[in-house]
Amino acid sequence: MSASAPTSRRLSPPDILGRKGGDPIVCLTSYTTPMARISDPHCDVLLVGDSLGMVIHGLPSTLGVTLEMMILHGRAVVRGSEKSLVVIDMPFGSYEESPEQAFRNAAKVMVEAGAGAVKLEGGQHMAETIAFLVARGIPVMAHVGLTPQAVNVFGGYKVQGRAEDAARVRSDAEAVTRAGAFSVVLEKVPHSLASRITSEIAIPTIGIGASPDCDGQVLVVDDMLGLFTDFRPKFVKRYAELGRTAGEAVAAYAADVRARRFPGNEHVFSDEAPEPKK
Ligand code: KIV
């Protein structure tokens, strides 16, 4: 049986760790029950990313996302899935202060949403916190390279780890590995660096804007479905144009309503109840 064949139970963090160097890990963000239902049969990991602040709530960045938002959407995704590991992002301000603060909030996410693991951003400076959480029963997916919660420090959503900066990103990936993370997202780092880190560390790398050599890939689901007509980052492959399709559908509905073509006879109820079916 292949590692990605359907299983009768949810994948666990150790299952994902065990995929290092094996079948590529399929990870996609998910924020709602219907989309979790669609994605779950095809994915290994559903990531309730704090990207939901921008994607679902129209915020300008991920900085305004709260723990309550993550728990609410996390619950919806857990309800809509059965086999994928559900990982929930720790939002900005909920874990950076101390390992104790991180444990308190991560435990709340795990218990109240029913997640299998949390994800948090940061490398060397978050290693102590990752070790603290893992030692207390909270599996952690790490996230290095471009960490969007630090957008103001980076001065934009820029590629990280070019030229001499590569050493910093490598040290970050090594530090989260030593700390006990079961996998690490590499976001917006050069292809050659992502490939090198993947061959150097013992945990799976999950790339976004990174390299096909990573142990797995993640995309924001709304991006790959083409739900945004005006957002086309280089690292996103569009597998559909649902934004355009939805716009056309809404326009057709509006035209039908204005022309009194909708509802049709088939959509309305008569005075008499239909004959019961035999
Ligand atoms: O918030 C998110 O969706 C993420 C992924 C893009 C990795 O962190």
Side-chain angles (χ1 to χ4, degrees), residues 16 24-32 35-36 39 43-67 69-74 76-77 84-96 106 109 113 115-123 126 130 140-151 154 156-161 169 172-173 176 181-189 194 197-198 203-211 214-225 227-228 231-239:
I16 299 302
I25 298 160
V26 181
C27 179
L28 199 56
T29 69
S30 196
Y31 318 109
T32 65
M35 198 48 79
S39 303
C43 291
D44 301 306
V45 178
L46 295 180
L47 171 63
V48 187
D50 62 351
S51 50
L52 65 82
M54 300 157 92
V55 173
I56 304 287
H57 295 274
L59 295 173
S61 74
T62 57
L63 300 187
V65 174
T66 64
L67 205 59
M69 288 160 83
M70 297 310 303
I71 291 171
L72 191 71
H73 288 279
V77 171
S84 303
L85 171 65
V86 177
V87 179
I88 301 186
D89 249 341
M90 296 299 293
F92 180 64
S94 71
Y95 63 96
E96 302 90 330
V109 165
V118 299
K119 175 166 85 57
L120 54 83
E121 297 184 6
M126 290 311 300
I130 293 171
V140 177
M141 175 182 278
H143 184 157
V144 305
L146 173 66
T147 47
Q149 292 173 10
V151 60
F154 293 138
Y157 297 97
K158 297 174 183 166
V159 173
Q160 301 293 308
V169 180
D172 281 342
V176 300
F182 71 90
S183 59
V184 56
V185 170
L186 300 181
E187 179 163 355
K188 255 188 157 177
V189 298
I197 290 172
T198 301
I203 60 173
T205 56
I206 314 283
I208 174 163
S211 164
C214 288
D215 298 295
Q217 302 295 329
V218 60
L219 280 177
V220 168
V221 65
D222 295 48
D223 290 348
M224 57 84 80
L225 292 177
L227 273 157
F228 302 110
F231 182 65
R232 292 180 173 271
K234 176 179 168 65
F235 57 87
V236 174
K237 179 172 176 181
R238 285 202 186 208
Y239 289 85

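Both ligands and their constituent atoms are indexed starting at 1 by order of listing. No experiment lies behind these values; they were computed from the predicted model shown.
The shortest side-chain heavy-atom distance between Leu146 and Lys158 does not fall under the 4.5 Å cut-off.
Heavy atoms only, all atoms of each residue included: Val221 and Thr29 are closest at N-OG1, 2.9 Å. Across all non-hydrogen atoms, the minimal contact from Ile71 to Ala113 is O-CB, 3.9 Å. Between Pro204 and Ile25, the shortest heavy-atom distance links the atoms CB-CD1, 3.6 Å. Scanning both residues, Ala142 and Ile130, for their nearest heavy atoms gives CB-CD1, 4.2 Å.
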Practice item. I would like to know whether Thr205 and Thr198 meet side-chain hydrogen bond (donor to acceptor under 3.5 Å, both in side chains); could you show each step before the answer? Key: CA-CA 6 Å; Thr205 56; Thr198 301; 2.7 Å; yes
List ligand 1's nitrogen or oxygen atoms that come under 3.5 Å of a protein nitrogen or oxygen, with the partner atom and distance.
| from | atom 1 | to | atom 2 | distance (Å) |
| --- | --- | --- | --- | --- |
| ligand 1 | 1 (O) | Asp50 | N | 3.1 |
| ligand 1 | 1 (O) | Asp50 | OD1 | 3.0 |
| ligand 1 | 1 (O) | Ser51 | N | 3.0 |
| ligand 1 | 1 (O) | Ser51 | OG | 3.3 |
| ligand 1 | 1 (O) | Asp89 | OD2 | 3.2 |
| ligand 1 | 3 (O) | Ser51 | OG | 2.5 |
| ligand 1 | 8 (O) | Lys119 | NZ | 2.9 |

